[in-house]
> 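Handing you this structure, nothing more for now.
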There are 2 protein chains.
Amino acid sequence: MKLTANKIAGLLRQHGYKLTPQRWAVLNVISHRHDHLTPAAIYDRVSQEHPGIGLVTIYRTLEVLAELGLLCKVHVEGGCRSYLMRRPSVHHHHLICSGCGRVVDFTDCALNELEQRLSRETGFEMKDHLLELYGHCQNCQKIA
Amino acid sequence: MKLTANKIAGLLRQHGYKLTPQRWAVLNVISHRHDHLTPAAIYDRVSQEHPGIGLVTIYRTLEVLAELGLLCKVHVEGGCRSYLMRRPSVHHHHLICSGCGRVVDFTDCALNELEQRLSRETGFEMKDHLLELYGHCQNCQKIA
DNA sequence: AAATAATTGAAAATTATTTTCATTTAGACA
DNA sequence: TGTCTAAATGAAAATAATTTTCAATTATTT
């Protein structure tokens, strides 16, 4: 189920995007991690392999990859922008370690029933939801 | 259960804060609304009653009021900062109309079971969660 | 009424992100 | 393979949101 390099390449081309070394470098950094990263953090890491890349390019690349559904955004307290490779292709949510940023995906959010009840009670037509769980992973429990 | 002016005044003083006209003006705007407002929106409204107030003061007041637990933050897409008078004193969440910003509070988030299961499966120690539901209120359904 | 610590507003500073624009380049095609 | 063109890049400037600094003001305590 994992996205191969070829599939990503094809997906970009299908949408009229080019496959640049800079985009590969960004994908390369993000896809090997299980934690969420801000644009600035991605920039730092990509710069090591690809010095001279501009932070603007990171922003633009993240926008494109998110548009293609390859990335997930994570909210977390404070700043709102942090990204992560999208792993499940279906609707899912994130369990996030507040210590190290590691993210575990889960797919059953158990909100249907709640949404139906609230819809009945309030007359709202439900559209979407934002759900993130926070905790400490086993490793960070030891440290703390 | 509603917070009276006196209670708010006492709460501020207990924490060494002063009761200024500017703070009253901000509270006055927020407490009469059922939708969430950004600092800039609050500034606009407060300015009408209290011209000459600085946007900085809005930011500082919101920080103080949030620290005292009188306000809730709402996340919503895009910008991360939007505030709302805190109504239930207990743990609760928000159902938000994407049309008009109206917010309905609900207290049973039904996540305990999910959290327990994920904790068992992943070894994470659960700490907190972020949950917001989005939809359209009855009024906004008519309009759209 | 005086003393004092907190608060205010203006302006400057910071941070995050976006826009502009001239230059370069990936991919299509001759 | 070389040429062409639209897309992408990077530098710099622009924008937006928020925070800091600081001198002047004011709410509360005494």
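Order of the sequence lines fixes the chain letters, A, B, ..., with proteins taken first and strands second; residue numbering starts at 1 for each chain.
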> Just how far, in rounded Å, is C1' of C:dA16 from NZ of A:Lys73?
14 Å
> How many angstroms lie between OG in B:Ser119 and CG in B:Leu114, if you round to the nearest 0.5 Å?
11.0 Å
> Quick one: which of C:dA5, C:dG27, D:dA8 gets closest to the side chain of A:Leu19?
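Looking only at side-chain atoms, A:Leu19 lies closest to C:dG27.
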> Using whole Å, what does the distance between atom P of nucleotide C:dT17 and atom CG of A:Leu55 come to?
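Roughly 9 Å, once rounded to whole Å.
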> For the CZ atom of B:Arg81 and the OG1 atom of B:Thr38, what is their distance to the nearest 0.5 Å?
11.0 Å
> When you compare the side chain of A:Arg45 with that of A:Arg33, does any pair of heavy atoms fall below 4.5 Å?
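Result yes, sub-4.5 Å side-chain heavy-atom pair found.
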> Round to the nearest Å and state the distance from A:Trp24 atom CH2 to C:dA26 atom P.
14 Å
> Please give, in whole Å, the distance from D:dA7 P to A:Glu63 CD?
15 Å
> Whole angstroms only, please: what is the CD1-P distance between A:Ile58 and C:dA16?
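Between P of C:dA16 and CD1 of A:Ile58: 15 Å.
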> Round to the nearest Å and state the distance from B:His15 atom NE2 to C:dA6 atom P.
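Atom NE2 in B:His15 sits about 15 Å away from atom P in C:dA6.
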> Return no unless some side-chain N or O of A:Gln22 is found under 4.0 Å from OP1 or OP2 of D:dG10.
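Answer is yes, contact under 4.0 Å.
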> Which dot-bracket notation, 5' to 3', represents the base pairing of DNA chain D when pairs are defined as Watson-Crick or G-U with both distances under 3.5 Å, crossing pairs as [ ], and inter-strand pairs as |?
||||||||||||||||||||||||||||||
> Between D:dA17, D:dG10, C:dT18, spot the one nearest the side chain of A:Ile53, thanks.
D:dG10
> Of all the heavy-atom pairs spanning B:Ile53 and B:Ser47, show the shortest one and how long it is.
CG2-OG, 3.9 Å
> B:Leu62 CG to D:dT19 P: how many Å, rounded?
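Those two atoms, CG and P, are 10 Å apart.
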> Does the plane of the ring in A:His15 sit parallel, tilted or perpendicular to the ring in A:Tyr17? Use 30° and 60° as the thresholds.
parallel
> Charged N to carboxylate O below 4.0 Å: is that the case for A:Arg117 and A:Glu121?
yes
> With nearest nucleotide decided by heavy atoms, which residue, B:Tyr59 or B:Pro21, maps closer to the 5′ end of DNA chain D?
B:Tyr59
> Of all the nucleotides listed (C:dT17, D:dT9, D:dA27), which has the minimum atom distance to the side chain of A:Arg23?
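Given the options C:dT17, D:dT9, D:dA27, the side chain of A:Arg23 is closest to D:dT9.
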> Is B:Arg87 salt-bridged to B:Asp105, going by a charged N under 4.0 Å from an acidic O?
yes
> Picking from C:dT18, D:dT18, C:dG27, which would you name as closest to the side chain of A:Arg81?
C:dT18
> Quick check for you: among C:dT20, D:dA6, C:dT8, whose closest atom lies nearest to any side-chain atom of A:Arg60?
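Of the options given, the side chain of A:Arg60 lies nearest C:dT20.
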> Counting side-chain heavy atoms from C-beta on, which of D:dT9, C:dT18, D:dT20 comes nearest to B:Val56?
D:dT20
> Any side-chain heavy atom of B:His75 sitting closer than 4.5 Å to one from B:Leu130?
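Heavy-atom side-chain distance check passes, below 4.5 Å.
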> Nearest to the side chain of B:Thr57 - D:dT19, C:dT20, C:dT8?
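Of all the options, the side chain of B:Thr57 is nearest to C:dT8.
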> Can you tell me if the side-chain N/O atoms of B:Thr20 get under 4.0 Å from OP1 or OP2 in C:dT8?
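For C:dT8, OP1 or OP2 has a side-chain N or O of B:Thr20 closer than 4.0 Å.
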> Round to the nearest Å and state the distance from A:Leu12 atom CG to D:dT9 atom P.
10 Å
> Any side-chain N or O of A:Arg13 under 4.0 Å from OP1/OP2 of D:dA7?
no
